[in-house]
Amino acid sequence: MLAERVKKIKPSPTLAIDSKAKAMKASGVDVISFGVGEPDFDTPENIKEAAIRAIRDGFTKYTAVGGIDPLKDAIIRKLSEDNGLSYKREEVIVSCGAKHSLYNIAQALYGPGDEVIIPAPYWVSYPDQVLLNDATPVFVRTYEEDSFMVRPEALEACITKRTKALILNTPSNPTGMIYDRATLEKIAALAVKHKFYVVTDEIYEKLVYDGNQHISIASFNSEIKALSLVVNGLSKSHAMTGWRIGYTAGPADIVKAMTNIQSQSTSNPTSIAQKAAVEALNGPQDFVPLMHAEFDKRRKYLVNELNTIDGMTCRMPAGAFYAFPNTSRIYGRKFGDKVIGSSGDLALYLLEEASVALVPGSAFGDDNYIRLSYATSMEDIKRGIARIREALGNLKAGA
Ligand SMILES: *Cc1c(COP(=O)(O)O)cnc(C)c1O
C-alpha cells in the first residue's frame, strides 16, 4: 500500500509528452520537439575542465551538506553583483538543482493547514511540491493583457490567516514574461503587511530580452528580504541541467532547517558538480551573451511566425526560452469527426499528425495556451512551424 501523499500528485506532465515524443523518435519518426525545458547548448569547456580537474584531484568525497565554502562565496558575490543582495554563508544553501531547493523550502515551511499562493499559469512542480507537504495550493489567475503578472488586488483577495507563502517566478516558465518593478513593489508590500514568505524562483534571470531588467523582489528593503527565499541555479544560465546545482538564499533559520532536511535526504550536492559550479560563477562569462543572442534570434522568429498562423496569437515574451501562444480560437475545429476541444487535444493532434511535440497549457494551469520551447535549433524551428501551419490548415471549422 502506497502512502496517502502519493495519490495527490502526478508525474511531471512536461516529462510525459517528452517521453511519448521520445518513443515515437525511437521507432524512427522524425519528431520535432518544442517540448524541452533545457538549453540545447553544451556546457562550456572551462566548466567541464573544472569538473575533470576535481576528479583528478580526488575531490570525490562527501562535502559540507549545504555546499562548499568557495561555492557559497561565489553565490554570495553573484547575488551581490547581479541582484543587489547581501547574504552571509549561513544564509545560503546549495542543493541538487533549483527543483530540489524548492522542495527543501516546501519541506521546511509548508504543513497541514497552510495555504501557498501560486499565480497561474505556473511551473508544473509548484503545486505538487505543496501537496506533497500536506499544504494547499491556492491558484490566482493572471492575464495575458497584464503580461501574466499577478494583479496585486487579486493576490490580496486570496490572502487569509493561513497564507504561508507566495511562489513567484520571474522570468516565467511557461509564459516567458517578467515582473516589472511597480508590480513587485506592490507584492512586497502585501507580503510585509500580511507576513507571508515569497519564494522567488529566478532561474531564468540571465535570459531577459529587449533591454529589460531582471529585478529580485528581495532587493527592495530589509523587511521583504527577511521574508524572501531567493532560488536560482546553474541549469539554465550555464547549460548545466544534468549537473544538478541549485541554491537558495534566505533567512538563516530557514536555511538551517533546509540544511538539516538535506542532511537526512540527499546529503551534499555532487562534489564534482560543485567545483564545476564555482568555475561557472567565477570563470569567464562569455558563454552567457552568446547563448542569449541565439535565443533572442529564435524568439523573434518563432513568435513572429506563430502570429501568422490562423487561430494563434502570441505576445512577445520578455524572458526565458518559451513562447506561449493563445490557441483558444482553434478549439472547436475538427479533424475528421474528432473535435479539438482543449490544449491537450491540440498537443496530441500535433504530435500524432504533424510529429511536433509541445506542451499543452493545461499542464501549467491554463487551457487557453500551448507552450513551445525554442531551446532547439533554428532549422527545427523553421521545419516545425511549417508542420504546425499545415496541420492546423487541415482542420475544419466546428459546427
Ligand atoms: C528548469 C526550472 C527549474 C529547475 O531547474 P533545476 O535543473 O532543478 O535547477 C526551476 N524552476 C523553473 C521555473 C524551471 O523552468
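Both counts, for ligands and for their atoms, begin at 1 and track the order of listing. Bear in mind the structure is a predicted one, so any value in this text is a computation, not a measurement.
- Using a 4.5 Å heavy-atom cutoff, the side chains of Leu227 and Val198 are not in contact.
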Atom pairs and distances, ligand 1 N/O vs protein N/O under 3.5 Å:
from	atom 1	to	atom 2	distance (Å)
ligand 1	7 (O)	Ser235	OG	2.6
ligand 1	7 (O)	Arg244	NH1	2.7
ligand 1	8 (O)	Ala98	N	3.1
ligand 1	8 (O)	Lys99	N	2.9
ligand 1	8 (O)	Arg244	NH2	2.7
ligand 1	9 (O)	Ala98	N	2.6
ligand 1	9 (O)	Ser235	OG	3.2
ligand 1	11 (N)	Asp201	OD2	2.6
ligand 1	15 (O)	Asn173	ND2	2.9
ligand 1	15 (O)	Tyr204	OH	2.6
ligand 1	15 (O)	Lys236	NZ	3.0

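- Classification of Glu390 and Arg387 as a salt-bridged pair fails, no side-chain N sitting under 4.0 Å from a carboxylate O.
- Using a 4.0 Å cut-off between charged nitrogen and carboxylate oxygen, Lys8 and Asp128 do not count as a salt-bridge pair.
- Electrostatic pairing of Asp337 and Lys396 does not count as a salt bridge here, judged by no charged N lying under 4.0 Å from a carboxylate O.
- Glu279 and Asn46 are linked by a side-chain donor-acceptor pair at a separation below 3.5 angstrom, with hydrogens and angles left out of the test.
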Would you be so kind as to tabulate the donor-acceptor pairs closer than 3.5 Å made by side chains of residues 348-364, with sequence neighbours excluded?
from	atom 1	to	atom 2	distance (Å)
Tyr349	OH	Ala391	O	2.6
Ser362	OG	Ser343	OG	3.4

